[in-house]
Q: 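Take this structure first; my questions come after.
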Protein chains: 2
Amino acid sequence: MASIKDVAAEAGVSVATVSRVLNSHPSVSPDAKARVLAAVDALGYRPNAVARSLRTDQTRTLGLIISDVLNPYFTALARSVEEEARALGYSVIIGNADERPELQDHHIRTLLDRRIDGLLVSPTDGGSPQILDAARGGTPMVFVDRWIPGVDVPVVRADGCPAVRDLVAHLHRLGHRRLAIIAGPAATTTGSERVEAFRDALGELGLPLPDAYIGQGDFQADSGRRATERFLALPEPPDVVFAADNLMALGALDAIRARGLRVPQDIALAAFDDIPWFVHTDPPVTAIAQPTGDLGRAAVRALVDVIEGRPPQSVTLSARLVVRRSCGEPASNRRSNL
Amino acid sequence: MASIKDVAAEAGVSVATVSRVLNSHPSVSPDAKARVLAAVDALGYRPNAVARSLRTDQTRTLGLIISDVLNPYFTALARSVEEEARALGYSVIIGNADERPELQDHHIRTLLDRRIDGLLVSPTDGGSPQILDAARGGTPMVFVDRWIPGVDVPVVRADGCPAVRDLVAHLHRLGHRRLAIIAGPAATTTGSERVEAFRDALGELGLPLPDAYIGQGDFQADSGRRATERFLALPEPPDVVFAADNLMALGALDAIRARGLRVPQDIALAAFDDIPWFVHTDPPVTAIAQPTGDLGRAAVRALVDVIEGRPPQSVTLSARLVVRRSCGEPASNRRSNL
DNA sequence: CTGAAAGCGCTTACAG
DNA sequence: CTGAAAGCGCTTACAG
């Protein structure tokens, strides 16, 4: 592969001059510039980003650690992150933690070794030494979706509380009184917050949230399946299962189906995170939708602010309830929500 | 951040010695080794992968260009690719082409600039100059899923023909005679092959495939929606719509629902690529399942073979039909397929 | 077993 | 406007 030396030789100038035209440095004569450009073209020269990074100490690359690539929510987040990053001149390397702290740490280590300019992370746990070191060590960093309390890093997320309250009101209106939740790992903010929001909303209506109605999941489908089986085996099973993410809702659906039960007649179902498939499941699933694209874009902007030395800003957007049929039919006044 | 010099100073040895212990070079005295390790630990030193790459001319990184991150098939593929790569000591950088050739080329260019060791690609088109140059230019490369005829690059894919034949036989058995397909872009192999397989299978049963029953899609949901609307507006609409991927099936479902029609009573639906949600859609969707995990792993192994100078091997696995209820109820003899 | 030195491909003060 | 030279952080023949 042609190097800058080859270009310099071909153009009859020094490598410094080649470098200058490549970086649009103003002080290059039109003639030299033309010769360099011609040489670049003739040789099909492309600058070596590795060498450039070593020299400039910047890679124009962002790392994104997501909790699970198989989760459509994170996949949508990754897509918007990549788009915004590209618009700002950065590439992004995605690390899939698969909800496993060790794997998350592996990716953080690898990304740091590659000297990415900044890190966007949705932490899988409450804060591994790895992640805390990175934050304290001055690596530009922003939390998206999930965050770690007590760490001084900007957070970009959606506040689901009002939407959870709307959901609970909706369930109550439909006559449901025994409401259960499949929670995410307590070590994640979204794992615990969603339970708290749910509990508070129930409390406001004078409804209890017994321990037996809190299933412990890990945001993946299997755990939703197991938690739901446990609910269904209870002497007094819940009227409704609220899954704290879409994959656990999928697992819940599997478990309900395996039992030969129907949604919503036998048991109602709702989920946090809306996805296109929820329109077409049997029945369509009532869900809380996050402004995923906006979150991704805001997170990138915040991170680039940190990287480029501007004061970064935490951002909290809001989620909204999308009512479909999985919790039962409102008496009247239904409107379709595609 | 501590560099190798700092470690050398701390340990009281030369940087050469530090480098040797870092790379487990045999000829280092136990004493020197211990001192270096202690210094590494004390300083929290991590080798700079950028510098190492520049020197060794290898990045231990693979590029993966997928056609669409929002497509669960590619997401599953990406996951298995990353897993296998990690097992072999490589990282992977994913580029999402979003089914857009320019975006695909952008990512190829970026990845090449970063001097990735090899490229795994599922081409969005019939072969941009970008991709052909990379292949001819000696970049280790392997095609996964889709490929480009006439380019000397190993291909790892699934042959869907037998499964398509099974599907058509299944449809015929259920009494369907007017079968339509939503194809992917003709410039992609999977776009054209699936139509050919479908046409051939119909031919064997003496059924035609009129042009009006070939919808032109782009593997994304919207195109499936539009193609289906067109089918439904036909004077003689088809009995069955076969979508050449899962996202176009989602779009088809949207269009059918918008028209107030039911699947399979009013129109049957089948899809290429099986996904977990198809079990829970209304109705569960009959689909052709690829061995996605195996494809991803085989592709990585083939690519690493090329990179490390071993003779690479093209691999063709097979897909299989998973019958559910979206094409109608077999008279008897049904078995559930979760 | 060990170190001094060259060199990977760039960028960028410095001098002219 | 231009070039020679230093240096980013490593690895690795070479000499001892």
Side-chain angles (χ1 to χ4, degrees), chain A residues 1-40 43-61 89 109-117 137, chain B residues 1-40 43-61 89 109-117 137:
Chain A
M1 202 160 282
S3 84
I4 197 171
K5 275 189 200 165
D6 303 314
V7 177
E10 174 85 12
V13 297
S14 71
V15 297
T17 298
V18 175
S19 178
R20 288 196 188 93
V21 348
L22 258 25
N23 294 288
S24 340
H25 187 100
S27 49
V28 182
S29 70
D31 174 57
K33 183 170 175 181
R35 296 222 308 284
V36 168
L37 259 18
V40 163
L43 299 174
Y45 171 72
R46 300 242 81 213
N48 181 329
V50 174
R52 178 177 281 176
S53 292
L54 179 60
R55 179 56 228 245
T56 60
D57 202 32
Q58 53 170 12
T59 51
R60 305 268 339 159
T61 303
R109 216 173 300 117
T110 306
L111 291 170
L112 258 29
D113 287 353
R114 279 157 199 274
R115 301 302 193 261
I116 46 145
D117 292 341
Chain B
M1 201 160 283
S3 85
I4 197 172
K5 275 188 201 166
D6 302 314
V7 177
E10 173 85 11
V13 297
S14 72
V15 297
T17 298
V18 176
S19 177
R20 288 197 187 93
V21 349
L22 259 25
N23 294 289
S24 339
H25 187 100
S27 48
V28 183
S29 70
D31 175 57
K33 182 170 176 180
R35 297 221 308 285
V36 167
L37 258 18
V40 163
L43 300 174
Y45 170 73
R46 299 241 82 212
N48 182 329
V50 174
R52 179 177 281 176
S53 291
L54 178 60
R55 181 55 228 246
T56 61
D57 203 31
Q58 54 170 12
T59 51
R60 306 265 343 155
T61 303
R109 214 173 302 117
T110 306
L111 291 170
L112 259 29
D113 286 352
R114 279 158 198 272
R115 302 301 193 261
I116 47 145
D117 293 342

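Residue numbering restarts at 1 for every chain, and letters A, B, ... go by the order of the sequence lines.
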Q: Quick one: list whatever passes side-chain hydrogen bond (donor to acceptor under 3.5 Å, both in side chains) with B:S24, sequence neighbours left out.
A: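 side-chain hydrogen bond (donor to acceptor under 3.5 Å, both in side chains) check on B:S24 returns nothing, list empty.
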
Q: Would you tabulate the side-chain donor-acceptor contacts of residues 28-37 of chain A under 3.5 Å, counting partners in other chains and residues two or more places apart, or write 'none'?
A:
from, atom 1, to, atom 2, distance (Å)
A:S29, OG, A:A32, N, 3.1
A:D31, OD2, A:R35, NH1, 2.6
A:R35, NE, A:A11, O, 3.0
A:R35, NH2, A:A11, O, 3.3

Q: With a 4.0 Å heavy-atom cut-off, tell me which residues in residues 25-32 of chain A come close to DNA chain D, sorted by residue number.
A: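 Residues of residues 25-32 of chain A that come under 4.0 Å of DNA chain D are, in numerical order, A:S27, A:V28, A:S29, A:A32.
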
Q: Under the side-chain contact (heavy atoms from CB on, under 4.5 Å) test, which residues partner A:T61, sequence neighbours left out?
A: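 A:T59, A:S91, A:I93, A:I116, B:R114.
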
Q: How would you list all residue pairs meeting salt bridge (Lys or Arg N to Asp or Glu O under 4.0 Å) that involve residues 1-27 of chain A, not counting sequence neighbours?
A: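 Checked against salt bridge (Lys or Arg N to Asp or Glu O under 4.0 Å) - neighbours excluded - no pair reaches residues 1-27 of chain A.
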
Q: Given the rule that a pair is Watson-Crick or G-U wobble with both distances under 3.5 Å, how would you write DNA chain C in dot-bracket, using | for pairs to a different strand?
A: |||.||||||||.|||

Q: Quick test of your reading: applying side-chain hydrogen bond (donor to acceptor under 3.5 Å, both in side chains), list the pairs with at least one residue in residues 46-55 of chain A, sequence neighbours left out, ordered by first then second residue.
A: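 Qualifying pairs, neighbours excluded: A:R46-B:D113.
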
Q: I'd like to check the side-chain hydrogen bond (donor to acceptor under 3.5 Å, both in side chains) partners of B:S19; sequence neighbours left out, ordered by chain and number.
A: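 Counting only residues at least two positions away or on another chain, B:S19 forms a side-chain hydrogen bond (donor to acceptor under 3.5 Å, both in side chains) with B:N23.
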
Q: Might you point out which heavy atoms bring B:Y45 and B:L22 nearest each other, and give the distance in Å?
A: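 Minimum heavy-atom separation between B:Y45 and B:L22: CE2-CD2, 3.5 Å.
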
Q: Of the non-hydrogen atoms in A:V50 and B:L54, which two are nearest, and what is the gap between them?
A: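 In this case the closest contact between A:V50 and B:L54 is CG1-N, 3.7 Å.
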
Q: For the C1' atoms, the ones on C:dT12 and on C:dG16, what distance do you get once it is rounded to whole angstrom?
A: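 Each nucleotide's C1' atom is 16 Å from the other's.
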
Q: Measure CZ/B:R35 against P/C:dC1 and give the value in whole Å, please.
A: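 One finds 15 Å between P of C:dC1 and CZ of B:R35, rounded.
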
Q: Could you work out, with salt bridge (Lys or Arg N to Asp or Glu O under 4.0 Å) as the rule, every residue matching A:D57, not counting sequence neighbours?
A: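 For A:D57, no residue satisfies salt bridge (Lys or Arg N to Asp or Glu O under 4.0 Å) once neighbours in sequence are set aside.
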
Q: Produce the list of close N/O pairs, under 3.5 Å, pairing protein atoms with atoms of nucleotides 8-10 of chain D; give distances to one decimal.
A:
from, atom 1, to, atom 2, distance (Å)
D:dG9, N2, B:A51, O, 3.4
D:dC10, OP1, B:Y45, OH, 2.7
D:dC10, OP1, B:N48, N, 3.2
D:dC10, OP2, B:I4, N, 2.7
D:dC10, OP2, B:Y45, OH, 3.4
D:dC10, O5', B:Y45, OH, 3.2

Q: Would you indicate, yes or no, if D:dT2 has its OP1 or OP2 atom less than 4.0 angstrom from a side-chain nitrogen or oxygen of A:S14?
A: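 No, because none of the side-chain N or O atoms of A:S14 sits under 4.0 Å from OP1 or OP2 of D:dT2.
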
Q: Between the protein and nucleotides 14-16 of chain D, are there any N/O to N/O pairs under 3.5 Å, and if so, what are the atom names and distances?
A:
none

